[in-house]
Amino acid sequence: MDTDSMTTRNSEHEDVPLPEITVLSVGQETVSFGIPLTDDSVKYTLELDYCCDTQRDSLIRDDSSPVEVEGLIPGTEYTFSITRIAENGNRSKATSLSVFTEPSPPVQVAVYQVSSQSLSLRWDPPAGDVESYIVTCCHEGEIVQEMTTDTNNLTLSNLSPGVCYSLQVSAQLRNGRKSKPAVTSAHTNVPPPEITVLSVGQETVSFGIPLTDDSVKYTLELDYCCDTQRDSLMRDDSSTAEVEGLIPGTEYTFSITRIAENGNRSTATSLSVLTEPSPPVQIAVYQVSSQSLSLRWDPPAGEVESYIVMCCHEGEIVQEMTTDTNNLTLSNLSPGECYSLQVSAQLRNGRKSKPAVTSAHTNVPPPEITVLSVGQETVSFGIPLTDDSVKYTLELDFCCDKQRDSLTKDESSPVEVEGLIPGTEYTFSITRIADNGNRSTATSLSVFTAYGNVLLT
């Protein structure tokens, strides 16, 4: 090249001012440059050449500020070369600089599984050569956990129940660049209460609710209802919770929710419980014979379909009967025995009450006595045996003005009393006694012993 050409080229560069460039902003697909205007009156254009490993392009812009380049590849290093060109075609020297575009953050970050102490999230990979992902879990502006993974999903564990967490996922590219985070948020679950029914009464139900193993303080909201009642109550989260004021013999639906201090709620745990029906009240035995017992009672609360009456002796059921009235007579019982009498109410909803219980003795039949013979010192009685299988003894008390005595005999006929005073009126009182010690009412009569040798037959 001759000396004149070199001089001309150098003067062209010297005449056109070199562009002074500052990077105003960098996006994923854009870079904006600030290029101050010159203080002369010449009108210039700008030629921008830019390239990366996989892209090369250029554009012409009026000399102004800012100048924005679009359509770039995220997370990529570009070399920009910017030249100022005068109207006469003279060119400045090129100003070159390298700029990394912002990497794209992961997309469609979603929480797909939640428990009381964990959150599982996944995302779609962004554009660019991703080396790993950085997952940051924050609560109230503080970082709780930060983890790195080379997959596009992660489970965060050991979190607190019922808390809102901010979840940030950034892409770390192989060229060392790190994207801005994709952000979402999610609440860990408040653990639903695990419920067992500890006891059921006529008007109460008691629940067992194991405490959680975390440090969060909870309350319990209990909603309950039946066909004719609806109510709710709040309880501290403790191992037992009792609901009172229920209707006997009624099916209730209970819905129990655990609530954290921050107001977050668990899903409700629901179950149905039938309260115990009320047993019959004021059960009473109103008529007794040697082989029967008549009893009656007042109806309990609830829609009673029938009553089940059980008669037991020494733990064994002797009779079981059903009636739709509130009284019943039990027949063909053994004399002189103690019976346990149980009356349960059978409701129309299929529930059966606990029994109301009382007890009663059947009577020992009093002896029927006839005088067989009377002597001066003896009286002989006829006492017919009973037609039941119970073994009895007879207790005979006798007295006059000058004598009082008693004796016990096996039940037989006749029964003779000796050693009496001739010509004397005696009062005899004879009681039948069963093996178990139960006694009949006494049968009493008066007899005159004979005078002299007179024999009354």
Side-chain angles (χ1 to χ4, degrees), residues 1-109 123-134 136 166 168-184:
M1 180 179 293
D2 58 27
T3 304
D4 292 338
S5 298
M6 291 182 63
T7 303
T8 302
R9 178 67 56 90
N10 288 336
S11 64
E12 288 177 1
H13 289 311
E14 290 172 0
D15 290 344
V16 179
L18 185 74
E20 298 175 6
I21 303 172
T22 56
V23 178
L24 299 181
S25 66
V26 179
Q28 297 174 38
E29 300 179 0
T30 60
V31 174
S32 180
F33 298 104
I35 305 174
L37 299 177
T38 63
D39 54 1
D40 56 56
S41 60
V42 179
K43 186 176 181 181
Y44 299 101
T45 57
L46 297 173
E47 181 181 81
L48 290 90
D49 297 309
Y50 55 97
C51 64
C52 66
D53 292 340
T54 59
Q55 184 181 14
R56 179 176 297 273
D57 211 340
S58 65
L59 54 88
I60 301 293
R61 292 283 187 269
D62 290 335
D63 191 13
S64 62
S65 184
V67 175
E68 188 166 272
V69 183
E70 300 176 329
L72 305 178
I73 301 170
T76 303
E77 184 177 21
Y78 279 86
T79 299
F80 293 89
S81 181
I82 305 176
T83 304
R84 182 175 271 134
I85 305 172
E87 289 180 300
N88 61 8
N90 289 340
R91 303 165 64 91
S92 72
K93 290 182 179 180
T95 301
S96 297
L97 73 166
S98 294
V99 179
F100 271 97
T101 53
E102 283 290 329
S104 296
V107 292
Q108 294 183 337
V109 177
W123 54 89
D124 290 342
D129 192 7
V130 177
E131 182 177 68
S132 60
Y133 299 97
I134 301 166
T136 306
S166 171
Q168 305 175 12
V169 184
S170 301
Q172 181 74 51
L173 304 190
R174 295 193 188 280
N175 60 17
R177 301 291 290 173
K178 178 182 175 183
S179 76
K180 292 181 179 179
V183 180
T184 189

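In this structure the side chain of I73 never reaches within 4.5 angstrom of the side chain of T101, judged on heavy atoms. Looking at I85 and V16, their side chains never come closer than 4.5 Å, going by heavy atoms from C-beta outward. Looking at L173 and D129, their side chains never come closer than 4.5 Å, going by heavy atoms from C-beta outward. By the 4.5 Å heavy-atom criterion applied to side chains, P126 and Y133 are counted as neighbours. The shortest distance between side-chain heavy atoms of N175 and E77 does not fall below 4.5 Å.
If you take CZ on R61 and CG on D63, they are separated by 13.0 Å, rounding to the nearest 0.5 Å. Atom CG of L18 is separated from atom OG1 of T83 by 8.5 Å, given to the nearest 0.5 angstrom. Between atom OG of residue S170 and atom CZ of residue R177 there is a gap of 12.5 Å, rounded to the nearest 0.5 Å.
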Derivation of the side-chain contact (heavy atoms from CB on, under 4.5 Å) call for S166 and Q168: CA-CA 7 Å; S166 171; Q168 305 175 12; 3.9 Å; yes
I'd like to know whether D62 forms a side-chain contact (heavy atoms from CB on, under 4.5 Å) with T45, so could you lay out the CA-CA distance, the side-chain angles of the two residues, the decisive distance to 0.1 Å, and finally the verdict. CA-CA 5 Å; D62 290 335; T45 57; 4.2 Å; yes
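Residues V42 and D40 approach most closely at N-OD1, 3.1 Å, considering heavy atoms. Shown here for A182 and P105, the closest heavy-atom pair between the two residues is N-CB, 3.9 Å. Nearest approach of S81 to A94, heavy atoms of both residues: OG-CB, 3.3 Å.
Checked against side-chain contact (heavy atoms from CB on, under 4.5 Å), Y50 has the following partners two or more places apart in sequence or in another chain: Q55, D57, L59, V69, L72, Y78, F80. In this structure, E102 has no salt bridge (charged side-chain N to carboxylate O under 4.0 Å, His left out) partners at least two apart in sequence or on a different chain.
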Review item, side-chain donor-acceptor pairs of residues 19-28, under 3.5 Å, at least two apart:
| residue | atom | partner | partner atom | Å |
| --- | --- | --- | --- | --- |
| T22 | OG1 | G34 | O | 3.4 |
| Q28 | OE1 | S104 | OG | 2.9 |

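When the options T184, V169, V107 are evaluated for a side-chain contact (heavy atoms from CB on, under 4.5 Å) with W123, the one that passes is V169.
By the neighbour-count criterion of 12 heavy atoms within 6.0 Å, atom CZ of R56 is sparsely surrounded, having that number or fewer from other residues, nucleotides or ligands.
Formation of a donor-acceptor pair under 3.5 Å by the R84 side chain with backbone atoms of P17 is found in this model.
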